[in-house]
Amino acid sequence: MARRSLPFLKDLLSRSSPSRITTRSVTYMHRPGDGTPRPVTLIPGDGIGPMVTGAVEQVMEAMHAPVYFEKFEVHGNMKSVPQEVLESIRKNQVCLKGGLITPVGGGVSSLNVQLRKELDLFASLVNCFNLPGLTTRHNNVDIVVIRENTEGEYSGLEHEVIPGVVESLKVITKFCSERIAKYAFEYAYLNNRKTVTAVHKANIMKLADGLFLESCREVATNYPGIKYNEIIVDNCCMQLVSKPEQFDVMVTPNLYGNLIANTAAGIAGGTGVMPGGNVGAEHAVFEQGASAGNVGSEQILEQKIANPVAILLSSAMMLRHLQFPAFADRLETAVASVILEGKYRTEDLGGSSTTQEVVDAVIDALD
């Protein structure tokens, strides 16, 4: 059986009844005071964001999870992230975020990118995997895309040289390349992953992507137990859609990671079920793993049929980050039970359920 980064998957596949699944891990010995409720900054965001983050609030309350939310109104058409929001995240060190729309053109910068830069959230992590019971074209997919989050084409260094000629700078530094490579290999080491693949275009961008590869190669020498390889980004896209199960952990510069994560998510079941987050040395922001700027359509909003699975699984990642592993396991297992049973699914997964019906099913599946 292929590796599964979420602890409930192997148990799910080994049981015949999807209606109620329980697991018990080796006893977790907490430190005194670990049960103290933790504050989490909550940004519901735009479009479907309040609907799906509201689902998380309901599930956390039903679980009696030791977290409470400090909620802030932030919208993608704002010029900048309000200072009180940044102060809350710096204080709490953890944030859960719905989608923030990014206006196309017009010189308005993305608040999603602003958050990453202000808080130095240098690593984006998206886990793209098959959920038991959800039919997809490919099986045994379990890919973790780790993307550098602070530079590259997202540096925002653009200017008009002369009318009709725009120059956009791609910035790659040794420091940031080494930092993301170290995070990717450390992730692989801590999660019993076997291979790290660096994605690049060094055949054309020989200096910029060449520096990224050089950094990855140097870091790889410190992890002899993990296989390291490299792949050109265009070939990577072709390989992803033809044989995705060959990939394990992928480490990428900024733009490539965005494209690769969304492609892998589509292959494994869709952006509505893929969890993810952004992390730095001191702070972490959890959100839908792929297409985090997707805020849904008017139809989805009116019919209240947004898929809450991705943000629920991202909140389980958050619970584990906060060292509440039993609550994370319960939530992941409940979500997987609902998907496996197949009775309550939103339209993007081939069902006809509303967001609230899926949330109610997840709450009912909690052990």
Side-chain angles (χ1 to χ4, degrees), residues 2-7 93 116-117 119-129 141-155 170-233 235-236 239-240 244-261 264 275-286 289 317 320-321 323 325:
R3 292 175 311 279
R4 289 290 179 258
S5 56
L6 300 182
Q93 299 185 311
R116 297 165 195 163
K117 291 186 176 181
L119 300 170
D120 197 24
L121 305 172
F122 68 87
S124 165
L125 186 151
V126 181
N127 191 187
C128 303
F129 57 94
V141 177
D142 186 13
I143 302 169
V144 173
V145 182
I146 294 177
R147 160 192 175 193
E148 205 291 318
N149 234 0
T150 61
E151 57 177 17
E153 293 85 352
Y154 287 60
S155 299
K170 170 178 177 173
V171 177
I172 297 290
T173 65
K174 181 78 167 177
F175 173 80
C176 290
S177 297
E178 282 187 348
R179 185 169 64 167
I180 196 64
K182 288 176 181 177
Y183 187 83
F185 276 93
E186 187 175 51
Y187 177 89
Y189 172 68
L190 293 174
N191 289 276
N192 195 30
R193 296 282 185 152
K194 307 303 181 186
T195 305
V196 172
T197 301
V199 183
H200 67 95
K201 192 64 177 173
N203 57 324
I204 302 299
M205 285 168 274
K206 299 181 185 298
L207 293 180
D209 285 21
L211 179 58
F212 175 78
L213 282 186
E214 176 187 311
S215 302
C216 290
R217 291 166 184 168
E218 290 176 2
V219 172
T221 61
N222 297 321
Y223 293 86
I226 297 172
K227 182 180 178 182
Y228 170 70
N229 53 39
E230 300 167 357
I231 189 168
I232 296 173
V233 63
N235 181 35
C236 178
Q239 294 288 336
L240 264 176
E245 62 275 8
Q246 68 183 288
F247 295 107
D248 191 355
V249 175
M250 307 176 79
V251 60
T252 78
N254 206 334
L255 178 61
Y256 307 156
N258 188 17
L259 305 177
I260 295 299
N278 307 278
V279 68
E282 298 181 359
H283 314 99
V285 175
F286 295 88
M317 287 176 60
R320 192 164 284 111
H321 178 80
Q323 297 187 327

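- Listed for the Glu151 side chain is a donor-acceptor partner under 3.5 Å among the backbone atoms of Thr173.
- Nearest heavy atom pair, residue Ala208 against residue Ile172, reads O-CG2, 3.4 Å.
- Looking only at distances, a side-chain donor or acceptor of Lys206 sits under 3.5 Å from a matching main-chain atom of Asn203.
- The shortest heavy-atom contact between Ala284 and His321 is CB-NE2, 3.7 Å.
- Although no hydrogens or angles enter the test, the distance criterion places a donor-acceptor pair under 3.5 Å between the side chain of Asn149 and the main chain of Leu121.
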Item to check | side chain to side chain contact (heavy atoms under 4.5 Å, CB included) between Val144 and Met250, worked out | outcome: CA-CA 6 Å; Val144 173; Met250 307 176 79; over 6 Å; no
Checklist entry - Under the side chain to side chain contact (heavy atoms under 4.5 Å, CB included) criterion, do Val199 and Val251 qualify, and how do the steps go? => result CA-CA 6 Å; Val199 183; Val251 60; over 6 Å; no
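- Side chain to side chain, Gln246 and Gln239 meet the donor-acceptor criterion of an N or O pair below 3.5 Å.
- Between the side chain of Arg147 and the main chain of Asn254, a donor-acceptor pair closer than 3.5 Å is present.
- Using a distance-only test at 3.5 Å, with no hydrogens or angles considered, a donor-acceptor pair links the side chain of Thr221 to the main chain of Glu218.
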Next on the checklist: If you apply the rule side chain to side chain contact (heavy atoms under 4.5 Å, CB included), what do you find for Met205 with Phe212, and how did you get there?
Outcome noted: CA-CA 10 Å; Met205 285 168 274; Phe212 175 78; over 6 Å; no
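- Side-chain contact between Pro275 and Phe129 is present, with heavy atoms from C-beta onward closer than 4.5 Å.
- The environment of Lys227 atom NZ is sparse: at most 12 non-hydrogen atoms of other residues, nucleotides or ligands sit within 6.0 angstrom.
- Taking the side chain as every heavy atom from C-beta outward, Ile146 and Val249 approach each other to under 4.5 Å.
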Checklist entry - Hey, mind stepping through Tyr228 and Thr195 against side chain to side chain contact (heavy atoms under 4.5 Å, CB included) and telling me if it holds? => result CA-CA 6 Å; Tyr228 170 70; Thr195 305; over 6 Å; no
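- Distance check, rounded to the nearest 0.5 Å: CD of Glu186 to CG of Asn222 gives 11.5 Å.
- Using the six-membered ring where Trp is involved, Tyr223 and Phe185 have ring planes that are parallel, under 30° apart on the 30 and 60° scheme.
- Within a 6.0 Å radius of CG in Leu207, no more than 12 heavy atoms belonging to other residues, nucleotides or ligands are found.
- At least one side-chain heavy atom of Tyr183 sits under 4.5 Å from a side-chain heavy atom of Leu125.
- Proximity of Leu211 to Glu178: side-chain heavy atoms (C-beta onward) are nowhere separated by under 4.5 Å.
- Pairing each heavy atom of Ser124 with each of Asn278, the nearest pair is CB-OD1, 3.5 Å.
- Pairing each heavy atom of Thr252 with each of Gly257, the nearest pair is OG1-CA, 2.9 Å.
- With hydrogens and angles ignored, the 3.5 Å screen pairs no side-chain donor or acceptor of Ser215 with any backbone N or O of Ser177.
- Distance alone, capped at 3.5 Å, is enough to place a donor-acceptor pair between the Asn127 side chain and the Ile143 backbone.
- Remark: side-chain polar atoms of Glu148 are paired, donor with acceptor, to backbone N or O of Thr150 under 3.5 angstrom.
- A salt bridge does not link Lys194 with Asp248: every distance from a Lys NZ or Arg NE/NH1/NH2 to an Asp or Glu carboxylate oxygen is 4.0 Å or more.
- A side-chain hydrogen bond (donor to acceptor under 3.5 Å, both in side chains) with Asp209 is found for one member of Lys170, Lys201, His200 and no other, namely Lys170.
- Heavy atoms only, all atoms of each residue included: Ile231 and Cys236 are closest at CD1-CA, 3.6 Å.
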